[in-house]
Protein chains: 2
Amino acid sequence: MNTQHVILGILHNQPSSGYEIKQYFEQYFSFFFDASFGTIYPTLAKMEKSGLLTKESVKQEGKPDKNVYSLTPEGAAQFHAYLMSPLEAEVFRSDFLMRLYFGELADEDTVTGWISSQLKRKEMLYAELQRQMEEFGERISPAQRLCLQVGLVQYEATIQLLKEQLVRPE
Amino acid sequence: MNTQHVILGILHNQPSSGYEIKQYFEQYFSFFFDASFGTIYPTLAKMEKSGLLTKESVKQEGKPDKNVYSLTPEGAAQFHAYLMSPLEAEVFRSDFLMRLYFGELADEDTVTGWISSQLKRKEMLYAELQRQMEEFGERISPAQRLCLQVGLVQYEATIQLLKEQLVRPE
DNA sequence: TCAGGCATGTAAGGAGTTACATGATTTA
DNA sequence: TAAATCATGTAACTCCTTACATGCCTGA
């Protein structure tokens, strides 16, 4: 799974510009994927060149023009091929856990600082997912709901554990 | 946090060869970090060149020679500088969640297949963490124990949710 | 008039993977 | 003698990020 696959998926739902694709990432699945403009724009250009997308310039009122991309039949086929390909392993890399692992080498206050800032982050992400579940929970597909739930239960479990740890460290 | 920092941490505990460092990754924190030989060996060479490590060739009985690396004072200083630097955000990229998100575009059996293979993976990782907790739980530091616990509670929560989903999909 | 949002792009570089290449020793 | 484990390394490539560059429009 790479940026190209995600772009295919988004454009399968509706034609969009690079800017809109980035907003989509941030709104709907920032918790398990992200990509910068420095990836998105070159990827779109490459995909158009290889025939997966078509570009159309669209004029807007009170805003700059935008390039709206749509899937070609080849683009749609490529996306379905991705969905049929073997599931890839998740990538998880945690600076927080690495520091905990080597925590003996730092003083206690430093370790507590890591735990409380990690807790704060998780709480913010959790609140954002809850907001999304309240806002979209009724309208989205069962699979999309499960997607949100996976995030929610993971954050819940982590938040609870980290809170306990701060109350009675040991 | 990158491979260099992790190598510094491991060598802080004990001098090791590249091969041993890789084994260490796999045994103790494969669930939140990994790196291939193609990263480890060039990184070790670079670190030696820049004065963070010293290399010593060690002969072994019934095995090829190995290059054992040790931290220099500059290496130790660099590691402590890393521990004092701001905590970085976790990186999480999930092919599984991405597919769920676009799940309407695949048929129901395919989605069920993703869920059950994801469940199987998580169960294996969970079993491995449990084994580690039983084997090392008494001997490791509180911070290292917390590290394992974070993995355990996240996997537990996810496994439970995915199981429910397979029993009564909706 | 200036900050902020909208919009697109490029260039340089960092970090990592996979595949290849080599070769010793041990065990079945 | 073949497979598995131990051990080190390189080369090509992929993918991505950051920083830079540009410019329009809106609202305070």
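The chains referred to below are lettered A, B, ... by the order of the sequence lines, with proteins before strands, and numbering in each begins at 1. Computed from a predicted model, the values in this text were never measured in an experiment.
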Donor-acceptor contact below 3.5 Å, side chain Ser30(A) vs main chain Gln27(A): no
Per-nucleotide protein contact string for nucleotides 15-28 of chain D (B base, S sugar-phosphate only, - none; heavy atom under 4.0 Å): SSBB----BBSS--
Donor-acceptor contact below 3.5 Å, side chain Lys22(A) vs main chain Ser36(A): no
Tyr19(A) side-chain proximity, nearest of dT8(C), dC6(D), dT10(C): dT8(C)
Spacing between Leu44(B) atom CG and dT8(D) atom C1', to the nearest angstrom: 10 Å
Value in whole Å for how far the P atom of dG14(C) lies from NE2 of His5(B): 14 Å
Length of the CD1-P vector between Ile21(B) and dC6(D), whole Å: 16 Å
Heavy-atom neighbours of Glu138(B) CD exceed 12 at 6.0 Å: no
Nearest-Å distance for atom pair CG/P, residues Asn67(B) and dG23(C): 17 Å
Under 4.0 angstrom between Gln60(A) side-chain N/O and dA7(C) OP1 or OP2: yes
Length of the CD-C1' vector between Glu88(B) and dG14(C), whole Å: 13 Å
Pair Glu88(A) + Arg93(B), salt bridge at N-O below 4.0 Å: no
Nearest-angstrom distance from the residue atom OH of Tyr24(A) to C1' of dA7(C): 20 Å
Spacing of Ile7(B) atom CD1 relative to dT8(D) atom P, expressed in whole Å: 12 Å
Phe25(A) ring center within less than 6.0 Å of Phe33(A) ring center: yes
Atom-to-atom span, CG of Leu53(A) to P of dT8(C) - whole angstrom: 14 Å
Whether Asp95(A) side chain and Met98(A) backbone form a donor-acceptor pair below 3.5 Å: no
